[in-house]
Each structure stands twice: as structure tokens, then as C-alpha cells.
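Only this structure's heavy atoms are used, side chains among them; waters, hydrogens and symmetry mates stay out. In this text, all values refer to a predicted model and were calculated from it rather than measured experimentally. Order of appearance sets the numbers: ligands from 1, and atoms from 1 within every ligand.
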Amino acid sequence: MKTKIPSVDLQAEFREIHSEVTKRIQAVLAGGRYILGKEVQEFETNFARFTGVKYALGVASGSDALLLGLMAFDVRPGDEVITTSFTFISTATAIARLGAKPVFADIEPNTFNLNPNLIKNKINRRTKGIIVVHLYGHPCRMDEIMRIAKRHRLFVIEDCAQACGATFRGKQVGTFGDMGAFSFYPTKTIGAMGDAGAVIAQSKKLYEKLKSLARHGEDGTFHSYRHVRIGVNSRLDELQAAVLNVKLKHLPRWNRMRRALAKRYDQLLQQGTGLKFDLSPVLVQPTETKAAKSVYHQYTLRVQNRDELRNYLSEQGVASSVYYPLPLHLQPCFRYLRYRKGSLPQAERASREVLSLPLYPQMSLDKQKIIVSALRRFLSWLGLKSEVDNSSKQFILNKL
Ligand SMILES: *Cc1c(COP(=O)(O)O)cnc(C)c1O
């Protein structure tokens with residue numbers, strides 16, 4: 001194994017910000033205020049400004065951000081919330097934890113995001129809201145989704161865990177719906193050094209309710225010990241906020257680098273195999289729709305023989321990832337919802353075909369070239385597969 005190429009490289013990121021982060025953390029440690037101090041305050045102010053909303057609230061994780069959002073809309077047993085099946089588990093478990101029913105709609109094959117037309121079919125009297133997910137950093141079709149939500153008076157929570165900084169028609173994700181939920185898990189486009197998250201909102205009333213819910217339902221004054229609703233404990237802490245304050249300044253540049261790397265993957269892949277086989281049926285590159293500006297949290301291909309490719313890349317020292325191998329409607333924990341195999345064909349197909357290539361802002365051109373040539377070798381072999389026997393296949397592989 002000559003080279004080792006990881007999916008993400010947080011050490012390389014840390015090298016860029018080492019002195020800034022260390023200084024801030026030292027100051028927090030020495031300052032003695034570890035909960036709800038000035039780092040959190042600064043982050044909330046700057047994060048609201050960054051996304052272009054009035055209010056931002058730091059919370060303990062992206063999963064909590066979703067849960068708090070649903071609690072703020074009083075989601076309870078008997079309610080239904082429509083969401084995508086092709087996402088991380090916590091998008092849907094947040095709904096289930098409140099005793100409500102997650103209702104899964106299928107995705108669009110090109111963006112892997114919720115298909116607005118299929119949301120419509122799932123709406124009934126019990127439907128209270130929609131959680132959209134901007135998967136892999138690519139924004140959903142928010143204009144259509146908001147039209148549907150307004151017509152049926154549904155709340156909309158945007159799960160922006162993978163898409164911090166992405167825009168749709170020039171506007172940041174998280175600002176279309178009633179609320180945006182963000183995760184700062186270390187590998188997200190902006191990550192803390194532990195668990196962290198945030199919610200953003202335009203409405204003061206909603207913000208204050210979210211804040212109260214995250215502080216055990218307190219009446220608005222911290223440590224008043226007067227509780228007006230049943231809440232939870234979910235706070236962003238000073239150390240994580242200190243890290244995020246440093247990283248937020250770098251985020252626009254890092255997101256530009258992600259986009260540049262994605263473009264370069266596009267170009268390298270389009271250069272073809274140099275062989276006479278047409279590989280387009282076996283590989284589909286990610287698309288970016290016209291109104292959307294993705295932050296490429298993932299650069300995700302669709303490939304036939306996905307698992308074989310993944311093994312081959314791994315043998316070549318190239319890491320790759322599958323987000324997600326099992327759609328949520330088929331997860332054991334949601335068996336009680338009684339979805340059958342085949343009920344959401346696009347999500348199921350995506351889970352068999354997706355493969356994310358390594359992508360992080362500090363990645364070099366050399367690494368991308370190594371990855372793409374390994375991919376080409378495999379694809380050429382696929383093209384040849386039907387026509388030659390195993391020994392010649394190996395011979396050809398060695399030559400490529
Ligand atoms: C990461 C992620 C979450 C959960 O965030 P945590 O901070 O890990 O709780 C939720 N939804 C999506 C789409 C995610 O990618």
C-alpha cells in the first residue's frame with residue numbers, strides 16, 4: 001500500500017488554526033466560566049449574522065437541535081411529521097422520541113433530497129410539519145417545499161447538519177423554514193472538538209421557546225428556578241464555542257475550497273478512462289442544481305458494483321464512505337412503522353449505489369489524482385469484465 005488517503009483529515013485542519021484555538025481555549029480555562037459565558041454569546045451573535053437570521057442558539061448537538069425544534073412546535077403522540085428516509089438516523093428518531101410518527105417520503109435521484117411532489121401525497125389531517133435534510137451539503141428545493149408547507153399550514157425544520165454555508169437562490173440554508181438545525185460534530189463542514197449544535201430562527205417567540213426548552217423550561221431568566229414548561233438540558237459549552245468562534249471565520253474559505261475540490265473531481269472524472277468503453281452507465285457524478293450552491297460535505301457518486309469499488313479503493317489505500325447503507329424506513333428500530341422493501345425505491349436504490357470520495361479543504365491535487373486514477377482502473381476493468389476472463393483481467397489491471 002503506497003499511499004493512505006483518509007476520508008477527512010482533521011489533523012490537517014487543526015494545523016491551520018492551531019495557535020488561534022489554543023489561545024482561546026487557554027483563556028476559557030483560565031477564565032473559570034465554563035457554561036454560558038462570552039464565547040457562547042459571541043458565537044450565537046456571529047452565527048446569526050453568518051446565516052442571516054435574527055436569532056441563533058447554541059445547543060449540545062445536532063440531534064438535540066432537531067428534538068428541541070419539534071418540542072417547540074409541540075409535536076406529540078398522534079402527530080405525523082414528514083421527512084426523508086435517506087438521512088442520518090437522528091432526523092427521524094427525534095420525531096419518534098416525542099411519540100409522533102415519522103412519515104417517510106422518497107427522494108429525487110439526482111440530488112438525494114426529498115422530492116417535493118412526493119411530500120404532497122403524504123399529507124393528511126394528522127400532519128404537523130416537515131423536516132427537510134440538505135444532504136451532502138446540497139440544498140433542497142426550498143421554494144416548492146415552502147409553498148406546500150404554507151398551503152397546508154405545516155411547520156418546516158431544516159436539518160442543516162451537513163450544509164452549513166450552502167445557499168439556495170443566494171440565501172443560506174436554515175433561513176427558509178421556521179427553523180434551521182445545525183450539527184457541529186467534528187467532521188461536519190464546521191466542527192467542534194466534541195459534540196455541539198445550534199438552532200436558528202427568525203421569530204423571537206420561537207427563539208425564546210427554544211431557549212427555554214433547552215434550559216429545562218425556565219421562564220427566560222437563567223437560574224430563576226421557575227419552570228414554565230418541561231424542557232431538557234442542552235447547551236453549547238464555552239470550550240466548544242471557543243473552537244467554533246475560530247472556525248467560523250475560516251468557514252467561507254473552507255467551503256470555497258470544498259467547492260473547488262468538487263469541481264476538480266468533476267473535471268478529472270470527465271477526462272474518461274482513455275479506453276474505448278463507455279462508462280457512463282456505471283458511474284454517475286454528483287449534480288448541483290441551478291439554484292443551489294452546495295458545500296460538498298460529501299462528494300458522492302452513484303456506482304454499480306459499489307461494494308467492489310469500495311474494496312478496490314481500500315486495497316489501493318483510498319478510504320471511501322457509504323452514507324447511508326440502509327434507508328431509515330427499513331431500519332430495525334422503525335419496523336413498527338411497517339414499511340415494506342420496495343416502498344421507497346429511490347432511497348433504497350441510493351443506499352445500494354452511493355459512494356463518497358475523500359474530500360476536505362486541505363486535500364492536495366496529487367491525492368485527488370491518485371483517487372481518480374484508482375477509480376478509472378476499476379471502471380475500465382468493469383468495462384472489460386464482460387468480455388475477458390479472469391487472468392487477462394488481472395493482466396490488464398496491472399497494465400493500467
Ligand atoms: C450529523 C447529523 C445529525 C446529528 O448531529 P449530531 O451533532 O451528531 O447529533 C443530524 N442530521 C444529519 C443529516 C446529520 O448529518
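- Heavy-atom contacts from other residues, nucleotides or ligands closer than 6.0 Å to NZ of K249 number more than 12.
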Distances for all N or O pairs of ligand 1 and the protein under 3.5 Å?
from     : atom 1 : to   : atom 2 : distance (Å)
ligand 1 : 5 (O)  : S183 : OG     : 3.2
ligand 1 : 7 (O)  : G62  : N      : 2.8
ligand 1 : 7 (O)  : S183 : OG     : 2.6
ligand 1 : 9 (O)  : G62  : N      : 3.4
ligand 1 : 9 (O)  : S63  : N      : 2.8
ligand 1 : 9 (O)  : S63  : OG     : 2.5
ligand 1 : 11 (N) : D159 : OD1    : 3.4
ligand 1 : 11 (N) : D159 : OD2    : 2.8
ligand 1 : 15 (O) : Q162 : NE2    : 2.9
ligand 1 : 15 (O) : K188 : NZ     : 2.6

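- Under the rule for a ring pair (Phe, Tyr, Trp, His ring centres under 6.0 Å), the partners of F184 that lie at least two apart in sequence or sit in another chain are F43, F47.
- Judged as a side-chain hydrogen bond (donor to acceptor under 3.5 Å, both in side chains), and not counting sequence neighbours, the contacts of E39 are R24, N245.
- Defined by atom type and a distance below 3.5 Å, a donor-acceptor pair is missing between the side-chain atoms of H223 and E218.
- Y265 and Y296 have their aromatic ring centers separated by at least 6.0 angstrom.
- Listed by chain and number, the residues in a side-chain contact (heavy atoms from CB on, under 4.5 Å) with H297 are Q162, K188, T189 (sequence neighbours excluded).
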